[in-house]
Each structure stands twice: as C-alpha cells, then as structure tokens.
**Q** 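Once you've had a glance at the structure underneath, I'll fire off some questions.
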2 protein chains.
Amino acid sequence: MNGEFLIDRKSGIAAWKQIADRIARAIDAGEFDATGMVPPETELAEHFGVNRHTVRSAIAALAEGGVLRRVQGRGTLIEKRARLVYPVGRRTRFSEGLGRQAAETDIKLLAEAEETASPLISAALALEAGAPVIRIETLNTADGVPISLATHYFSHARFAGIGGHLAAWHSITRALAEFGIDDYVRLSTEVTARMASASEVAHLALGTTPIVLETLAVNADSAARPIQYSRTLFAADRIALRLDTPGG
Amino acid sequence: MNGEFLIDRKSGIAAWKQIADRIARAIDAGEFDATGMVPPETELAEHFGVNRHTVRSAIAALAEGGVLRRVQGRGTLIEKRARLVYPVGRRTRFSEGLGRQAAETDIKLLAEAEETASPLISAALALEAGAPVIRIETLNTADGVPISLATHYFSHARFAGIGGHLAAWHSITRALAEFGIDDYVRLSTEVTARMASASEVAHLALGTTPIVLETLAVNADSAARPIQYSRTLFAADRIALRLDTPGG
DNA sequence: TCGAATTTGTTCGTATGTATT
DNA sequence: TAATACATACGAACAAATTCG
C-alpha cells in the first residue's frame with residue numbers, strides 16, 4: 001500500500017470510497033496477514049494524507065460489507081475470506097469445478113425465455129440467422145454463497161423444454177442428458193472484466209468492489225456440434241479462474 | 001441500457017461517474033452500433049433521471065478518454081476501438097499472441113531488482129524458501145498502445161543478468177534463449193480482476209474504467225522445470241483473454 | 001438560400017454533499 | 001459541533017453549429 005499516489009479529488013469517486021477500495025485491495029494482497037488487522041486510523045489517515053474522519057468513513061463501509069470488524073480499544077480486525085479457484089478447461093462443469101472448496105453447489109433457474117438468435121449467438125451455435133433459441137438465466141451458488149450469474153442459449157429446435165429439466169435437476173449436465181447429450185466439451189472461453197450493473201450487484205451480493213469477470217463460452221457435443229452458448233459473470237473478489245494447460 | 005436501475009446516490013461514486021460507466025458499457029455492448037452515436041444529452045438526462053449538466057459531465061469524461069467525440073449541432077459520436085483478443089494457452093508468448101491484430105509489439109523493461117523469494121514465488125519456481133530471485137517489470141505495447149504491465153520472477157542462480165538480455169532483445173523468449181532455453185510452455189494461468197492502482201492507471205493509460213485483468217502464470221522449460229513466474233495486468237476495456245483448451 | 005428543428009456549448013444562480021480544521 | 005472550502009448537482013436561459021426540407 002504505497003503512499004506515493006494519494007487521493008484524486010476530481011475522479012468522481014469520494015475520498016472515503018477510494019480509501020476503502022485501496023484498503024480492500026491491500027487486504028486482498030495479503031499485506032496485513034502478519035497481524036490480521038488494519039493499521040490504526042491515525043496511521044492510515046496520515047498515510048493517505050486525509051483526515052481521520054475520512055478514514056473512519058472508509059472503514060465503516062468495509063465493516064458494513066463484512067470485510068472488517070472494529071473492536072474498541074483493540075483495533076480493526078480483518079474478517080478472512082479465501083478466494084475460490086474455478087478451473088476452466090475442456091471439461092468445465094459448474095457442479096464439479098469447485099470440488100473440495102465447497103460442500104454443496106446449486107444452480108437456480110432465474111428465468112427462461114424464447115428468443116430469436118442475435119447474429120453473435122446464431123454464429124456461435126451454428127444456427128441460421130434469426131433461428132429461435134432458448135435463453136436461460138441461472139444463479140450458481142456454492143454453500144449458499146452466490147458465485148456466478150449466467151445466461152445460457154440453446155437451440156429451441158433441439159432443446160425445447162430444457163428449462164424444466166434444469167429446474168428439476170439443478171444441473172446443466174443432467175438437463176442436457178435428457179436430450180441424449182452424454183458428454184460435452186468446451187470449445188472456447190473468452191474472459192473480460194467490467195463494472196457490474198446494479199442488478200448484477202444485487203444477484204451476486206457484491207461488496208465494495210462491484211467488479212465481475214465475464215466469460216463467453218461455447219460448449220459442443222461429442223460430435224463437435226455447438227449446443228450451448230453461455231455468458232457467465234463471476235464476482236471478481238470472490239473467484240479466480242484457473243486455466244490448466246497440461247499435456248504436451 | 002435499461003432505466004430500471006437509476007443512480008445510487010449513496011455509493012460514494014458521483015452520479016456523472018456512474019452514468020459515464022454505464023454509457024461506456026452500453027457502447028461496449030454495441031447498443032449504439034446502428035447510428036454510431038450516443039443519444040442526445042436531453043434524452044440521456046431524462047433516461048437516467050438527472051440534469052443535463054450531469055450527463056454532460058459524464059460525456060466530458062468519456063470524451064477526455066477518447067471514447068466519444070462531441071460535435072456541436074450534430075451529436076456525440078462514438079470513437080471506435082475494437083477490443084483485442086489475447087490468447088492464453090500452452091504456448092503463450094506476448095510477441096506472437098496478438099498476431100494480425102497488431103502490426104508491431106514491443107516489450108519495454110521498466111525495472112529490474114534482486115530479491116529474496118516470497119513463499120508463493122519460491123513454491124511456484126520450485127526454489128528453496130528465501131532463494132534469491134530476479135524481479136523484472138515490463139510494459140508491453142502493441143502499435144504503441146499499452147496492452148499489459150507485467151512483473152516476472154526468475155531464479156537468480158539460473159538467470160543472472162536476464163534483465164540486460166531483455167533490454168537488448170525486447171523479448172522474453174529471446175532473453176531466455178541466451179540461457180539455453182530453446183522452448184518453454186505455460187503450466188498454469190490464474191485470472192482475476194480488480195480496480196487498478198493509480199500507477200497502473202498511468203502505465204496502462206486506462207480511461208474511465210480503471211479495471212485490470214490480472215493473470216498469475218508459471219512457465220516451465222522442456223524438462224517441465226518451472227523457470228518463470230509472472231503477474232500480468234491487462235487493461236480490461238481493451239483486451240479480452242481467450243483461454244485455449246486444446247486436445248480431446 | 002432560407003429558416004425551423006435539433007443538438008451541443010456556455011453562463012448565470014442556487015442548493016446540497018464532502019472533507020478539513 | 002461549527003465554520004470553511006470545494007466538488008457535485010440542478011434549473012433556466014441563451015448562443016452556436018449542424019441538419020434537413
């Protein structure tokens with residue numbers, strides 16, 4: 001947490017917010033692991049070149065978000081939360097991905113709708129332009145904690161009624177199995193990051209840093225025919241994507 | 001760009017900033033591709049439920065960042081800039097990755113230092129705890145545009161003086177070749193996202209959304225011995241990572 | 001070429017929020 | 001708690017440039 005760059009007063013971001021973000025990032029980087037607590041308010045105030053009131057506002061916001069806990073007379077303690085690692089590879093499945101990191105994972109169906117495919121989606125699914133597709137929105141959780149928010153597209157001609165199967169099975173893999181898909185593989189994954197919208201913040205229960213990792217992925221059946229196009233949002237402060245590139 | 005979620009007045013983020021972010025994201029999603037311009041200020045003001053001045057502040061920030069261009073009497077035009085796709089896989093090399101997307105790439109040495117390895121780095125490089133390592137900071141550009149900011153760690157025992165070679169060759173691959181490394185492969189990559197620090201914003205020339213994709217990667221020689229541990233930051237609004245999952 | 005409509009640019013003033021002392 | 005400075009946001013009016021019939 002270097003002090004060479006102080007607070008930008010014209011950034012459109014309040015000073016307390018900037019300080020809260022930097023404290024959160026320093027915690028994330030493990031800078032206070034030795035003590036398990038944040039430096040005293042007076043010290044932070046001097047470090048950032050602001051008044052102690054401002055530091056207190058920052059800490060209050062972090063305490064509100066469950067990142068810190070203030071104890072009068074002792075200091076400001078860090079509530080620990082490990083970042084989960086989500087493997088992305090040829091056989092990516094939400095239900096298996098987190099493995100031992102979570103006791104129980106769940107996929108909840110948020111919405112289902114029939115649409116005509118946009119050019120992007122029809123290309124990804126190898127459908128004719130404007131072909132009917134099923135859009136499915138899911139919230140994926142691990143031990144009750146929201147992990148990701150996904151939008152899936154399937155060909156309507158081939159997967160009519162998949163929403164019902166998903167709602168029953170709580171598993172994409174099993175819902176696809178109802179249509180004779182015994183196995184599927186991931187063809188491609190593209191990752192970007194951005195600020196979350198207000199509704200995404202709400203669904204993913206994002207805290208002080210509403211940043212999401214956005215993945216665009218295409219899955220194919222064993223005959224290499226594309227069957228699923230998905231856009232998935234991960235809470236960036238809760239999840240790291242891991243790409244394993246073994247073999248050779 | 002739905003209007004159901006308006007502006008959060010208690011978020012610590014100024015209204016103009018929130019609007020700027022949302023306009024930027026709508027542009028990114030291609031919502032204004034039909035006209036190539038943003039709706040008129042009065043319309044945006046009504047849409048977001050704010051005064052026209054506030055919208056103007058948002059647009060001013062985006063214009064400053066080169067996202068928009070205002071023309072009196074005509075409207076506010078979108079400056080197009082395609083997002084580059086950076087492939088990440090078993091044979092990831094910056095000099096080759098962007099391929100036809102850029103005419104010329106360059107790696108500039110920013111700093112070199114000798115350090116003792118942290119537990120994380122010594123584990124990644126299969127070194128003894130506290131072994132001396134070389135830390136190298138580079139700025140990687142494509143056609144003059146900053147793409148990524150990287151910190152690389154190498155064993156000092158094996159790669160003493162690599163900084164000089166890197167400065168001379170402007171290529172990690174060639175610098176490693178000076179030490180007899182004919183080929184190397186990537187073992188793993190971990191991707192997260194976060195807000196950029198002020199110095200990172202400066203190096204990467206980030207605009208209104210100072211979000212970076214952070215990758216942690218380990219490269220190994222042909223004998224599968226780890227030789228390089230790197231942390232790389234990509235400008236999230238300029239780069240998408242493509243995770244290659246070969247085989248099957 | 002004219003003129004109305006549209007859209008951005010500018011300048012007042014006022015009120016509120018944020019941060020410091 | 002109170003005084004102060006500055007950034008933010010709103011409202012109204014008008015100016016200047018562009019478009020289009």
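To find a chain, count down the sequence lines: A is the first, B the second, and so on, and within it residues start at 1.
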**Q** To the nearest Å, give me how far apart NZ (B:Lys10) and P (D:dA9) are.
**A** 15 Å

**Q** Describe the nucleic acid contact of B:Thr76 in one word from base, sugar-phosphate, nothing, applying a heavy-atom distance below 4.0 Å.
**A**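 Sugar-phosphate, no base atom in range.
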
**Q** Within less than 4.0 Å of OP1 or OP2 of C:dT18, is there a side-chain N or O belonging to A:Trp16?
**A**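 Looking at the OP1 and OP2 atoms of C:dT18, neither is under 4.0 Å from any side-chain N or O of A:Trp16.
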
**Q** Would you mind telling me which of C:dA19, D:dC10, C:dT7 lies closest to the side-chain atoms of B:Thr54?
**A** D:dC10

**Q** Quick one: A:Lys17 NZ to C:dA19 P, roughly how many Å, whole number?
**A**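 Answer to the nearest Å: 12 Å.
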
**Q** B:Asp8 CG to C:dG17 C1': how many Å, rounded?
**A** 14 Å

**Q** Spell out, as yes or no, whether a donor-acceptor pair under 3.5 Å connects the side chain of B:His170 to the backbone of B:Asp106.
**A** no

**Q** Counting only side-chain nitrogens and oxygens, does B:Asn51 get under 4.0 Å of the OP1 or OP2 atom of D:dG11?
**A**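 Affirmative; the distance criterion is met.
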
**Q** Do B:Tyr229 and B:Thr151 make a side-chain contact, defined as non-hydrogen atoms from C-beta onward lying under 4.5 Å apart?
**A**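 A side-chain contact is absent here, since even the closest heavy-atom pair is not under 4.5 Å.
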
**Q** Using a distance-only criterion (donor-acceptor N/O pair, under 3.5 Å, no hydrogens), is the base of C:dT11 paired with the side chain of B:His53?
**A**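 Side chain to base: pair found, below 3.5 Å.
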
**Q** Starting from P on D:dA9, measure out to CD1 on B:Ile13 and report it in whole angstrom.
**A**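 It is 11 Å, rounded to the nearest whole Å.
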
**Q** May I ask you to evaluate whether B:Thr42 reaches the phosphate of C:dT6, defined as a side-chain N or O under 4.0 Å from OP1 or OP2?
**A** no

**Q** Reckon B:Arg9 has a side-chain N or O less than 4.0 Å from the OP1 or OP2 of D:dC10?
**A** yes

**Q** Any side-chain to backbone donor/acceptor pair from B:Ser230 onto B:Thr232? Under 3.5 Å, distance only.
**A**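 Not confirmed, B:Ser230 side chain does not pair with B:Thr232 backbone.
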
**Q** Would you say B:Arg52 places a side-chain N or O within less than 4.0 Å of OP1 or OP2 belonging to D:dC10?
**A** no

**Q** In whole angstroms, how far is the C1' atom of D:dA9 from the CD1 atom of B:Ile7?
**A**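 Spelled out: CD1 on B:Ile7 to C1' on D:dA9 is 12 Å.
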
**Q** Tell me the interatomic distance from B:Gln18, atom CD, to D:dT8, atom P, rounded to whole angstroms.
**A** 13 Å

**Q** Does the side chain of B:Arg74 get closer than 4.0 angstrom to OP1 or OP2 of C:dT8 through an N or O atom?
**A** no

**Q** According to ring-ring contact (aromatic ring centres under 6.0 Å, His included), does anything in residues 95-118 of chain B pair up with another residue at least two apart or in another chain? List the pairs.
**A**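 For residues 95-118 of chain B: none.
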
**Q** Using a distance-only test with no angle check, is there a side-chain donor-acceptor pair under 3.5 angstrom linking A:Ser11 and A:Gln18?
**A**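 Judged by distance alone, the side chains do pair up.
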
**Q** Using atom CD1 of A:Ile19 as one end and atom C1' of C:dA19 as the other, report the distance to the nearest whole Å.
**A**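 To the nearest whole Å, that distance equals 10 Å.
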
**Q** Take atom CD of B:Glu41 and atom C1' of C:dT10, then tell me their distance rounded to the nearest Å.
**A**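 The answer, rounded to whole Å, is 12 Å.
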
